Each structure stands twice: as structure tokens, then as C-alpha cells.
Protein chains: 2
Amino acid sequence: MVETTDIQVDGWQTQKRPPMLIRKFEFEDYSQTRDFLDRLAEVSEEMGYHPSLQFDRTQVSVNVSPLEETLGDLEVRFAKQATELAEKTQAG
Amino acid sequence: MVETTDIQVDGWQTQKRPPMLIRKFEFEDYSQTRDFLDRLAEVSEEMGYHPSLQFDRTQVSVNVSPLEETLGDLEVRFAKQATELAEKTQAG
């Protein structure tokens, strides 16, 4: 079992207590922000994983807390997918 | 000019510093949560006002900060609309 604190995901900050992967994404306008949120919602439904999201017009903060006690493969996969979706959205 | 601190909206908490109207809405499932967020996004676009929203699977926290220095009519109208939309969504 990989210890939570060792988990690193490119571009994300790993918080130890409580364990969480954190990243803020910036978008050009509200429609890009909504586009990203819609895509992320689909991934959430597919993976059965719902992060805590905070957003306003052009910024989305994604907080990935573990379903169990520690961060694991599911959370890492979700974070990587979020990065990919953000890059696709930003590329327009 | 109504002083920010006097502004009260039924069901919402008025924070003084920084001035903000705050309310957390609970929903039955993720599709209700997304339904509410979609409806709120339309109101945001119509009114040109975008609150800070935090949500996970079944909870949405709405933070209504003023566009100018103090809370005013726009923010109060947005909060009231958010209440209405949440009730409509919860009624299913």
C-alpha cells in the first residue's frame, strides 16, 4: 500500500492532513468553465467519484479527498483525468 | 444606501466582513445537484452575476459576494432566485 503522503500527481498539490489532492484551473470565460465542469461531471458519474469543487466565473478549484482513509489509485486516476479535461477545454 | 449589514435574505446568512450572503442547499442525488447548478448558471448569465459556488455530490454552498463594495439589490435578487431554483429542483 503506497503511503498517502508519497502520492504525487503532476501539477497537483498533495496535502497530508487531511489527505487531499488539490489543484486550481483557470479558464478564459464562463462557458469554458461550464464546459470543464460538465465534462468532469461525466467522469464523476463514470468513476463513481465526486470531488469537492469550488468555482466562480473563470476558476475551478478541485479538491480530491479519498473515499477511504488514504489517497489511492481511484483518486490519482480522477486527478489525471481532470488535468486532461482542463487542457482539452483550455485548448478550445 | 442600505448598509450592507442590514441586508437580510430569508434563509441566508449575512456575513459582515467581508460582506457576503451565504447558504448551503442539500439535494437528494447528483442529478438534482447538477440540475440546480445548470439552472443557477443560466440566472448567472442573465444577471451577469457569478457567485462562488462549492459543491460535491449532494450539497451546494452559494457565496454571494458584492460586485461593488457592499451588498445591494443585485446580490439580494440573485440570492432569492437561488432559493427559488433550489426549491423547484428539490420538488423534483
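Order of the sequence lines fixes the chain letters, A, B, ..., with proteins taken first and strands second; residue numbering starts at 1 for each chain. These figures come from a predicted structure and were not determined experimentally.
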Evaluate whether atom CG of B/Asp29 has more than 12 neighbouring non-hydrogen atoms of other residues, nucleotides or ligands under 6.0 angstrom away. yes
A/Glu28 atom CD, neighbour heavy-atom count above 12 within 6.0 Å: no
side-chain contact (heavy atoms from CB on, under 4.5 Å) evaluation trace for B/Leu53 with A/Leu53: CA-CA 8 Å; B/Leu53 292 167; A/Leu53 292 167; over 6 Å; no
Measure distances from A/Ser44 to the heavy atoms of chain B and classify the residue's part below 4.5 Å as side chain, backbone, both or neither. side chain
Who among A/Ala41, A/Ser31, A/Pro51 has the most heavy-atom pairs with chain B under 4.5 Å? A/Ala41
Can you tell which part of B/Phe55 gets under 4.5 Å to a heavy atom of chain A, answering side chain, backbone, both or neither? both
Name the region of B/Arg57, side chain, backbone, both or neither, that has any atom closer than 4.5 Å to a heavy atom of chain A. both
From CA spacing to verdict: side-chain contact (heavy atoms from CB on, under 4.5 Å), A/Arg34, B/Leu37: CA-CA 10 Å; A/Arg34 284 192 66 198; B/Leu37 290 168; over 6 Å; no
